[in-house]
Amino acid sequence: MQKTIKANSAYLILAFVSISLFLGCVGGQLGKNNSGEYRNGMVVSASEYASKIGVDVLKKGGNAVDAAVAVQFALAVVYPNAGNIGGGGFMVYRSAKGETNTLDFREKAAGNASRDMYLDAAGNPIVDKSLYGQLAAGVPGSVAGMAEAHQKYGRLKWDELVAPAEALAANGFKITARQARELTGMKTRLKKLNLLGTALLKEKVWAEGDVLVQQELANTLKRIKEEGRNGFYEGAVADSIVAEMKRGNGIITKQDLKDYKAVWRKPVLGTYRGYDIITMPPPSSGGIALVQLLKSVEAYPLSKWGFNSDSTVQVMVEAERRVYADRAAHLGDPDFYPVPQQKLIENGYVKARMATFNWQKASTSAEIKAGEIAPVEHEETTHFSIVDKDGNAVSITTTLNGSYGAGVVVKGAGFLLNNEMDDFSVKPGSPNMFGLVGGEANAIAPKKRMLSSMTPAILAKNGELFMVVGTPGGSTIITSVFQTIVNVVDFNQSMQTAVNSKKFHHQWLPDQVDIEPQALDSLTIEKLKAKGYKIVPRGAIGRVDAILKTKWGYYQGGADPRGDDKAIGW
Ligand code: DON
């Protein structure tokens with residue numbers, strides 16, 4: 001009798017555990033399964049604070065765009081390297097029903113900008129002039145972008161979305177060890193460029209766990225919360241921006257601020273092995289380049305060759321060489337320059353570009369296209385990916401350009417100005433001292449947008465959302481997004497593995513393959529070298545934050561361990 005009771009309870013426990021496991025795996029109540037995947041939505045961003053704010057918005061019934069607005073403002077507080085209200089960015093949107101759209105909130109040159117504004121009398125670029133100080137800033141686009149996105153797609157009230165960022169700025173947040181290092185590293189520059197002081201400066205060195213309070217930024221966010229875009233582009237904040245310009249020979253005027261508009265643009269669409277790619281058109285080069293890259297390698301059996309094998313790397317590098325050569329010559333702000341967008345992503349055109357590829361020997365960048373040199377960009381931007389309960393998806397990459405932008409915090413308004421003007425070809429046709437080069441397409445002109453590499457993207461298959469992806473990393477943005485997609489589609493990697501995987505990069509000129517530590521094994525490196533490839537080790541490439549929808553309908557997060565990034569689902 002005793003035995004039977006024991007046996008029965010053992011069966012009961014077993015049955016209970018099995019049912020729980022089953023529910024956990026294929027759709028339990030909690031929204032989370034045993035693999036750490038979530039059913040109701042997810043936010044992946046550069047900061048745990050920001051990801052949490054985004055998920056709270058989703059839990060309250062906000063959609064992906066609502067969460068994106070809250071995350072963008074939160075990042076301006078908790079990730080001042082790149083999160084911003086003084087910069088700009090791009091949003092790619094796909095609704096659960098498959099409607100797609102993109103929003104361009106890229107900065108613009110001021111009305112008084114001129115082609116030669118960073119050159120000396122001899123016509124040479126002046127050191128640092130397009131990089132630091134008030135003159136390096138383009139007219140910010142982020143606040144207009146968020147207001148525009150919210151107006152078109154938002155569900156919750158605007159003030160609810162800005163309030164969490166305002167509270168974080170007023171009450172402060174704990175900085176990470178990485179942030180302490182970076183802020184301390186910026187001290188000399190911040191001191192030099194902010195004579196009236198800023199919350200980002202501290203007498204002693206910053207330490208992990210220090211609380212960063214930004215009261216002036218909180219006041220600005222309060223105005224934005226109460227007045228929408230006008231709270232930034234007009235009134236007291238606009239006055240502070242213009243006063244800041246006067247302090248450092250900047251040229252942004254009240255009229256420039258008032259005139260700034262974010263623009264809805266038709267997405268660049270492409271396909272790769274049955275997946276639909278939805279991504280950003282010019283003034284980003286990223287979307288066109290991404291579709292070109294994927295089309296260039298589609299004919300080759302990468303999965304058979306294997307992840308980061310010599311053949312895989314060779315084909316991907318040769319595609320990158322050709323695509324970046326096109327980027328330097330053909331891409332710029334479409335409102336100012338006739339970008340041959342359709343031509344560049346035509347199957348026949350892309351195929352013809354790869355026809356000169358030779359297995360035996362590396363192509364040389366001189367033979368692919370002579371003369372111009374592809375840009376090397378500064379690497380501080382941020383990307384976030386969001387999916388809501390209904391399956392609407394948002395992919396946003398946003399930036400100040402360099403880390404902490406122009407290094408100028410607008411006095412009285414508490415936010416950093418971008419140094420996006422350096423993304424223009426400061427002197428068209430010849431490299432400036434930072435390696436940034438381009439042609440006529442990306443020359444400076446009043447009110448023009450500077451060319452970008454940012455590549456926010458969304459993938460779908462058979463009408464269903466598949467992936468939300470993007471990254472910072474300057475010119476490596478395009479190749480990192482490309483490799484992340486290939487890692488999942490061709491090599492069957494999970495989202496987190498695809499993000500973690502070591503990356504490599506070729507950008508036409510300089511004619512070399514940059515590799516992260518451990519990206520390629522020594523035999524692969526030897527094989528590539530024997531064919532004439534120059535392999536150059538470097539530090540981290542990319543900081544991808546992405547979401548993958550599994551065939552069971554769960555969301556896998558990929559938060560890049562190269563930063564303090566965090567995926568939070570529910
Ligand atoms: O728009 C661009 O391409 C650059 N301003 C991006 C800079 C960047 O990614 C820096 N990031 N890590």
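Atoms within a ligand are numbered from 1 in the order they appear, just like the ligands themselves. For the numbers below, each heavy atom of this structure counts, side chains included, while hydrogens, waters and symmetry mates do not. Nothing fancy with the numbering, it's 1 onward along the sequence. Since the model is a prediction, treat every value here as computed from it, not as a measurement.
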- Mind checking whether G473 has an N or O less than 3.5 Å away from an N or O of ligand 1? yes

- Task: Using a 4.0 Å heavy-atom threshold (strictly under), name the region of R106 that reaches ligand 1: side chain, backbone, both or neither.
- Result: side chain

- Task: Using a strict cut-off of 4.0 Å, indicate which atoms of ligand 1 neighbour a heavy atom of G474.
- Result: 8 (C), 9 (O), 10 (C), 11 (N)

- Message: Going by the rule salt bridge (charged side-chain N to carboxylate O under 4.0 Å, His left out), which residues pair with E320 if we only count those two or more places apart in sequence or in a different chain?
- Response: none

- Query: Under 4.0 Å from ligand 1, counting heavy atoms only, is it the side chain of M450, its backbone, both or neither?
  - Reply: neither

- Item | D560 with R562: basic N within carboxylate O range, under 4.0 Å | yes

- Item | For atom 4 (C) of ligand 1, the option (of L400, D423, T399) bearing the nearest heavy atom | D423

- Any chance you could lay out the salt bridge (charged side-chain N to carboxylate O under 4.0 Å, His left out) test for D116 and K427, step after step, and finish with the verdict? CA-CA 7 Å; D116 297 340; K427 184 180 178 187; over 6 Å; no

- Heavy-atom count around E48 CD within 6.0 Å, excluding the residue itself: above 12? no

- Any atoms of ligand 1 less than 4.0 Å from a non-hydrogen atom of S453? List them with their elements. 1 (O), 2 (C), 3 (O)

- Query: Which of the atoms of ligand 1 are close to I477, meaning less than 4.0 Å from one of its heavy atoms?
  - Reply: 9 (O)

- Can you list the atoms of ligand 1 that are under 4.0 Å from a heavy atom of M454? 1 (O), 3 (O)

- Task: Under the ring-ring contact (aromatic ring centres under 6.0 Å, His included) rule, collect the residues that match up with H506, sequence neighbours excluded.
- Result: none

- Under-4.0 Å salt bridge between K566 and D545: no

